[in-house]
Amino acid sequence: MTTASLARQKKGGRHFKHAFFRYLGLTLNIFPPFIYLLLFFYVPMGIMFVMSFWKSGFMTLEPAFTLDNYIRFFTTPIYIRAMINTFVIATGSMVALILVGYPIAYFLARYAPKWENLIIYLLIIPVEINFLVRIFAWKIALGRSGIINSALLNLGIIDEPLKFLLYSKTAVVIVMLHEWLPYVVIPIYLALKGVGPEIIEAARTLGSGKWSVFRHVLLPLSVPGLFASFVLVYIPMLGEFAVPALVGGPSAYMLGNVIESQFLSAGNWGLGSAIGFVLLAVTLVLVAGVIKVAGVEELM
Amino acid sequence: MSNQEIALEIRNVTKRFGSLIAVDDVSFEIERGEFFSLLGPSGSGKTTILRMIGGLLTPDQGHVFLHGKDITFDPPEKRDVNIVFQNYALFPHLNVYENVAFGPRRRHWPDDKIRKEVTHLLEMVHLAGYEEKYPRQLSGGEKQRIALIRALITRPQLLLLDEPLGALDLKIRQSLQLELMDIQDETGITFIYVTHDQSEALTMADRIAVMDKGHILQIGDPKSIYEQPHNRFVAHFIGNTNLLEGKVASVAGGDVRIRTPRLGEFQGRGLDGASVQTGQPVTMSVRPEKMHITRQEPERPGYNKIAGVVEDLIYVGVSTEFIVRVAPGQTLRIFAQNMSRDDDLWQITWDDPVWVYWRPEHSLIITE
């Protein structure tokens, strides 16, 4: 072995040592949060996953391996109903959110240079108010003698109070719209804001009218923002339980409510866990689908 | 000029931004097939004019005519005018093929025609095979070539180029300059090229309009702009020049003799067609490459000459630039080509007393 190659090996050794300590340092840094997640998230999740295969009834849990809980979920009409409700309400809310949020984001990004910050601030303020307070406020506004019904009655537009305003899917969609709007507007706004004015000017000079610029330039360039808001909003909406519990009524019963009642009133933890994992599986498939279509780097 | 077709006419156009007058009552005409350059420092209003021609801005006063048709208030998509932007402005969500095909698709060309044209143009700019690449995968020079053919594909009557090479480095810029000139030659499309780089304008343009503070100071071919600048700004902005201030001592036809307060009298020539009176304050402009430098007092009758001291010399390979102090606080710049090592020039160094001399024909008398 020549001295040159010896020296090279020695140098390589130093590199290895350096890399090892760097790695160790990083590992130690992430250790505390990792332990926290492990103890309070992954371990309970694991326990619930195991539990979902146990024999389970009212306040009873028997270690076993059975698909009973899953079978029961998929064969009980009320649960299937709740699952359908969940997707109908979440999808309806998402559509409503985009229909309302996109024009706001578009206006903010393109036509409101002076008012941008103020409008964003106004949009965010409600988020700072406690979530339950907001739901109760809506309950008052949407009720039989709430502000909306009394206004419509007084104006003579309707003869009797609109019943579908409260304790219905509509009520859940209205409240969710309010709850999630900023999370839809801001990613779309940022995506549209990132389109330089010269890109739009280039499209105009190449023969695009205002609608064509939107259709062929701005809309495609805002797709990453749309995907981001979808991931940010649609998935939490699938797991929603407080809003349907307070303003939804029986016709808007969602999976979140089923899970909650299995744990807190029906005492059937096995079934509750199984439903939770069904919801999780569906959610993961959706996220994977979005990432496949949009590409991860587009979401970042 | 009279039998040439006028492609574009700008008539008494004014544009204000608040209290700032960006373009002040500007008029000019451009012939069909011309390579026309708007040259001026930043803030001179050249880009504002370009944007008004493109329809991205509307003039406050005046009109724009394209082939005789008033297009002053037409939106950009209705004008047969395309723009190449300095920062390329490629569509980031479309690949090269779709970027170039953007204009044709808005005009509903059939697919096979689009394919044929895009392929042909990509070959023309040596980017065949780049169809599937996205703008983020291209270098600056490649992006600008794509932006150029994207604007050319629909054969607009007028192509506006807004400092298209400004963001590129020197070598790429020079090769793209030649490529642009070839393309303009080949397609015969009228080009308006906005730049602040005088060498770029001199190299490429058939005619140049020099702008400052919202006004066009002079329009002409590169040679006349360089050799016959109408005023101090143009003389100074285009290339380098030495300016000597004085008053007219005597006039004999085109020959003008000026008296300077500190440097004595010089013989010069007035601008073609211009007239001056005795006693009028004027400026004499002499290009640095037209001045000569020597150690001995030159014995050349009729030449202008002046003694000085070498303050600085800058060797730049093909030439040497001398800064010669001729009076306290006043220097002249002289470019001397490095022709031969035996030359007298090689001996001249810092603090040497020297003589500077030049021909009266190269001393232009400017009144503005």
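Letters A, B, ... are given to chains in the order of the sequence lines, protein chains preceding strands, and every chain is numbered from 1.
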Engineer: Please determine whether the number of non-hydrogen atoms from other residues, nucleotides or ligands lying under 6.0 Å from atom CZ of B:Arg107 exceeds 12.
Structural biologist: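 Yes, CZ of B:Arg107 has more than 12 neighbouring heavy atoms, counting only those of other groups under 6.0 Å.
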
Engineer: Answer with side chain, backbone, both or neither: which region of B:Arg105 has an atom nearer than 4.5 Å to a non-hydrogen atom of chain A?
Structural biologist: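 Neither; nothing under 4.5 Å.
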
Engineer: Near B:Arg173 CZ, under 6.0 Å, is it more than 12 heavy atoms from other residues, nucleotides or ligands?
Structural biologist: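 Yes - once you tally the heavy atoms of other residues, nucleotides and ligands closer than 6.0 Å, there are more than 12.
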
Engineer: Which atoms form the tightest heavy-atom contact between B:Glu77 and A:Lys210, and what is the distance?
Structural biologist: OE2-N, 4.5 Å

Engineer: Side chain, backbone, both or neither: which part of A:Ser208 has an atom under 4.5 Å from a heavy atom of chain B?
Structural biologist: both

Engineer: Is it the case that more than 12 heavy atoms not belonging to A:Phe20 sit under 6.0 Å from its CZ atom?
Structural biologist: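 At most 12 heavy atoms, drawn from other residues, nucleotides or ligands, come within 6.0 Å of this atom.
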
Engineer: Using atom types as modelled and distance alone, determine if a side-chain donor or acceptor of B:His93 lies under 3.5 Å from a backbone N or O of A:His216.
Structural biologist: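 It does hold such a pair.
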
Engineer: So which atom in B:Pro76 and which in A:Arg204 form the shortest heavy-atom distance, rounded to 0.1 Å?
Structural biologist: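 The answer is CD-NH2, 3.6 Å.
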
Engineer: Can you tell me which of B:Asp80, B:Thr154, B:Asn87 forms the most heavy-atom pairs within a distance under 4.5 Å of chain A?
Structural biologist: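 Heavy-atom pairs under 4.5 Å are most numerous for B:Asn87.
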
Engineer: A quick test of your reading: do over 12 heavy atoms of other residues, nucleotides or ligands sit less than 6.0 Å from CZ of B:Phe17?
Structural biologist: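 Yes, CZ of B:Phe17 has more than 12 neighbouring heavy atoms, counting only those of other groups under 6.0 Å.
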
Engineer: Heavy-atom count check: over 12 atoms from other residues, nucleotides or ligands less than 6.0 Å from B:Tyr97 OH?
Structural biologist: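 Yes - once you tally the heavy atoms of other residues, nucleotides and ligands closer than 6.0 Å, there are more than 12.
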
Engineer: Can you tell me if OH on A:Tyr183 sees more than 12 non-hydrogen neighbours from other groups inside 6.0 Å?
Structural biologist: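 Not more than 12 within 6.0 Å, no.
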
Engineer: Write down the atom of B:Pro92, the atom of A:Ile199, and the distance for their closest heavy-atom approach.
Structural biologist: CD-CD1, 3.9 Å

Engineer: What part of B:Ile153 lies closer than 4.5 angstrom to a heavy atom of chain A: side chain, backbone, both or neither?
Structural biologist: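 No part of B:Ile153 comes within 4.5 Å of chain A.
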
Engineer: Here's a test for you: under side-chain contact (heavy atoms from CB on, under 4.5 Å), which of B:Val84, B:Val81, B:Leu160, B:Leu56 qualifies with A:Thr205?
Structural biologist: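 Running side-chain contact (heavy atoms from CB on, under 4.5 Å) over B:Val84, B:Val81, B:Leu160, B:Leu56 with A:Thr205 returns exactly one hit, B:Leu56.
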
Engineer: For residues B:Arg150 and A:Ala202, report the shortest heavy-atom separation together with the two atoms involved.
Structural biologist: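 Where B:Arg150 meets A:Ala202 most closely, the heavy atoms are NH2-CB, 3.5 Å.
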
Engineer: Could you measure the distance from the CG atom of A:Leu206 to the CZ atom of B:Arg106? Nearest 0.5 Å is fine.
Structural biologist: 9.0 Å

Engineer: Taking OH in A:Tyr42 as the centre, count heavy atoms belonging to other residues, nucleotides or ligands within less than 6.0 Å. Is the count above 12?
Structural biologist: no

Engineer: Output the distance between atom CG (B:Leu90) and atom CD (A:Glu198), rounded to the nearest 0.5 Å.
Structural biologist: 10.0 Å

